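Below: the structure, in structure tokens.
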Amino acid sequence: MRTLLKNVHNLHNNEWTNLIVEGKTIKGFTSEEPAVDRIIDGEGRVVVPGFVDVHIHLREPGAEAKETIETGTNAAARGGFTTVCAMPNTRPVPDSEENLKALQEKIRTKASVRVLPYASITTRQLGQELTDMLVLKKQGAFAFTDDGVGVQSAGMMLEAMKLAASLNMAVVAHCEDNSLIQDGVMHKGERNKELGLPGIPSICESVQIARDVLLAEATGCHYHVCHVSTKESVRVIRDAKRAGIPVTAEVTPHHLLLTEDDIPGDNAMFKMNPPLRAQEDQLALIEGLEDGTIDFIATDHAPHTQEEKEGGFFNAPFGIVGLETAFSLLYTYFVKKGRWTLQQLVDWMSYKPARVFGLPFGTLFEGAPADLVLLDLEATRKINTQEFASKGKNTPFDGWNITGMPVLTMVDGEVIWKGVEAHETTTHS
């Protein structure tokens with residue numbers, strides 16, 4: 001199949017041009033209109049590499065009431081994501097060759113975008129016994145993580161990093177010292193006192209990052225920090241990078257956009273882990289992203305049922321969805337307001353996560369995989385959770401006005417999602 005995306009805005013050189021896709025790869029940009037099998041009129045919209053999200057939860061197997069591989073990847077496509085990495089806190093956990101193979105078969109038959117599955121660091125994510133990382137790597141594990149729980153033992157994490165380093169694999173960490181959680185349900189600051197809710201202190205996250213970067217230095221392991229949320233964490237990561245330690249980090253859209261002050265009351269749509277922090281933390285996260293301390297953006301898409309989220313902060317699970325709103329929210333509140341350029345945002349959502357993990361995505365150069373998104377930067381809408389492809393409707397952004405959104409998503413040269421705004425013609429040339 002030979003496809004022509006005509007009349008698109010190439011962000012790389014700021015020109016209106018045509019893009020040729022042949023099979024699963026990009027052939028390049030041209031001013032010509034060669035013979036093709038299919039024409040898609042971009043109508044002057046911006047074409048960018050498909051977004052890459054290395055931190056999402058698809059819930060399948062084990063919690064299909066919250067999300068499935070099908071609904072989660074449909075949500076990803078609608079949000080412009082062409083590659084997503086699925087966390088292993090499923091049931092069963094992908095902690096063995098058998099479990100990972102079964103998960104990959106589900107992905108093969110149900111996913112609409114590329115899904116790269118994590119394997120767990122420890123058996124059943126219990127922090128007590130290392131998985132057979134060599135076998136899991138051979139079976140196609142993307143990286144190793146016990147996301148959802150922090151590895152509590154420094155000795156266990158040291159052994160994990162040694163083994164992962166020997167296999168040239170990354171250890172990806174949800175950082176949380178259980179001895180410091182103190183039964184908290186939101187950030188320990190001012191707002192939790194006003195609401196009478198127990199708080200989670202910032203050091204709960206930062207002390208484990210501080211431990212782990214030293215272990216990464218000792219082992220040479222690529223250590224990646226999930227969803228950084230505190231100013232102390234940013235400082236530790238910045239110092240570690242200056243010391244030459246192989247550490248990378250991500251931040252979520254909700255930690256960039258919201259603080260504890262935005263929590264209106266005992267509303268679990270604002271309950272996530274790590275929690276929404278103080279304004280000084282938010283500012284440190286933005287600065288850290290802009291100066292390269294934090295490498296890129298990831299959504300931590302975490303769907304739950306409506307019933308679960310009606311339980312308030314004490315009873316509801318942590319987590320919000322984010323795949324379908326990430327680009328539009330960040331474009332509206334950072335690019336449109338002049339803080340970032342569109343190129344910066346696209347890089348943080350595509351090129352940089354791909355480069356950090358050595359993935360061949362995130363570019364539109366000749367020979368690259370034909371993973372791309374058409375963006376309508378003029379379109380405006382109000383976020384309506386009832387329109388989500390995801391089963392999860394749990395977001396604090398419901399009703400927010402946004403500008404700019406994906407209208408067509410292509411993976412390996414195939415259009416896997418398009419809005420009513422996208423126009424496609426099949427030719428017989």
Side-chain angles (χ1 to χ4, degrees), residues 54-57 83-104 107 115-179 205-228 233 236-237 240-241 243-250 295-296 298 353-360:
V54 304
H55 190 151
I56 74 161
H57 300 268
T83 298
V84 296
C85 303
M87 288 297 178
N89 55 339
T90 53
R91 296 296 178 266
V93 175
D95 57 2
S96 66
E97 180 180 18
E98 178 185 10
N99 289 349
L100 181 55
K101 188 174 182 179
L103 174 59
Q104 289 169 319
I107 290 168
V115 178
L116 307 178
Y118 283 95
S120 62
I121 295 172
T122 64
T123 302
R124 296 175 61 196
Q125 295 186 294
L126 295 177
Q128 298 173 1
E129 178 186 12
L130 286 181
T131 56
D132 190 334
M133 290 185 176
L134 175 59
V135 166
L136 291 166
K137 177 182 178 177
K138 289 180 178 178
Q139 186 55 44
F142 168 67
F144 297 102
T145 183
D146 275 4
D147 182 65
V149 289
V151 175
Q152 299 304 301
S153 164
M156 181 63 67
M157 185 58 101
L158 177 64
E159 293 306 311
M161 286 191 184
K162 284 180 180 177
L163 183 51
S166 73
L167 298 173
N168 194 30
M169 295 285 281
V171 166
V172 176
H174 171 114
C175 293
E176 191 171 36
D177 186 319
N178 289 350
S179 68
E205 172 181 293
S206 56
V207 296
Q208 200 165 87
I209 297 174
R211 177 200 76 178
D212 286 353
V213 295
L214 295 176
L215 298 178
E217 181 178 36
T219 60
C221 178
H222 173 199
Y223 170 66
H224 179 75
V225 186
C226 294
H227 43 48
V228 178
S233 299
V236 169
I237 295 165
K241 286 193 169 189
I245 298 172
V247 57
T248 56
E250 69 193 41
D295 296 85
F296 56 79
R355 292 293 78 75
V356 162
F357 285 95
L359 300 174

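Every value quoted in this text rests on a predicted model; they were computed, and no experiment measured them. Basis for what follows: all heavy atoms, side chains included, without hydrogens, waters or symmetry-related copies.
When all heavy atoms are compared, the tightest approach of Cys175 to Gln208 is CA-OE1, 3.3 Å. Looking at every heavy atom in both residues, Ala249 comes nearest to Ile237 through CB-CD1, 3.8 Å. In plain terms, the two heavy atoms of Pro246 and Cys221 that are nearest each other are CG-O, 3.2 Å. Nearest heavy-atom pair across Asp147 and Cys226 is OD1-SG, 4.0 Å. When all heavy atoms of Glu205 and Ser233 are compared, the pair lying nearest together is OE2-OG, 2.7 Å. Nearest heavy-atom pair, Ala154 versus Arg211, reported as atom, atom and distance to 0.1 Å: N-NH1, 3.6 Å.
Here the NE2 atom belonging to His57 is positioned 11.0 Å from the OG1 atom belonging to Thr90, to the nearest 0.5 angstrom.
When each of Leu215, Leu130, Thr219, Ile121 is checked for a side-chain contact (heavy atoms from CB on, under 4.5 Å) with Glu159, only Leu130 meets the rule.
When side chains are defined from C-beta on, Asp132 does not count as touching Glu97, because their heavy atoms never get closer than 4.5 Å. Side-chain atoms of Lys138 and Leu134, non-hydrogen and from C-beta on, do get closer than 4.5 Å to each other. Annotation: side chain of Asp177 is in contact with side chain of Gln152 (closest heavy-atom distance under 4.5 Å). Side-chain atoms of Val93 and Asn99, non-hydrogen and from C-beta on, never get closer than 4.5 Å to each other. Within the 4.5 Å cutoff, side-chain heavy atoms of Tyr118 are placed close to those of Cys85. Inter-residue side-chain proximity for Leu359 and Leu116 is flagged as met; some heavy-atom pair is nearer than 4.5 Å.
In this structure, the side-chain contact (heavy atoms from CB on, under 4.5 Å) partners of Pro117, at least two apart in sequence or on a different chain, are Leu100, Leu103, Gln104, Ile107. For the ring pair (Phe, Tyr, Trp, His ring centres under 6.0 Å) test, no residue two or more places apart in sequence or in another chain qualifies with Tyr223.
A salt bridge is defined here as a Lys NZ or Arg NE, NH1 or NH2 lying under 4.0 Å from an Asp or Glu carboxylate O, and Lys241 with Asp295 meets this definition.
Looking only at distances, no side-chain donor or acceptor of Lys137 sits under 3.5 Å from a matching main-chain atom of Met169. Panel note: side chain Gln128, backbone Thr123; no donor-acceptor pair is recorded below 3.5 Å. A donor-acceptor pair is defined here as one N or O able to donate and one able to accept, closer than 3.5 Å; no such pair exists between the side chain of Glu176 and the backbone of Gly150. Side-chain atoms of Asp146 come within 3.5 Å of backbone atoms of Thr122 as a donor-acceptor pair (strictly under, hydrogens ignored).
Counted by atom type alone, Asp95 and Thr131 present zero donor-acceptor pairs between their side chains at under 3.5 Å.
Ring centroid separation for the pair His55 and Phe296 does not come in under the 6.0 Å cut-off.
Taking the six-membered ring where the residue is Trp, His222 and Phe357 present tilted rings, their angle falling between 30° and 60°. Between His174 and His227, the ring planes lie perpendicular to each other; the angle is over 60°, past the 30° to 60° tilted range.
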Check the pair Lys101, Glu98 against salt bridge (Lys or Arg N to Asp or Glu O under 4.0 Å), reporting the backbone distance first and the verdict last.
-> CA-CA 5 Å; Lys101 188 174 182 179; Glu98 178 185 10; over 6 Å; no
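Counting non-hydrogen atoms of other residues, nucleotides and ligands closer than 6.0 Å to CZ of Arg355 gives a total above 12.
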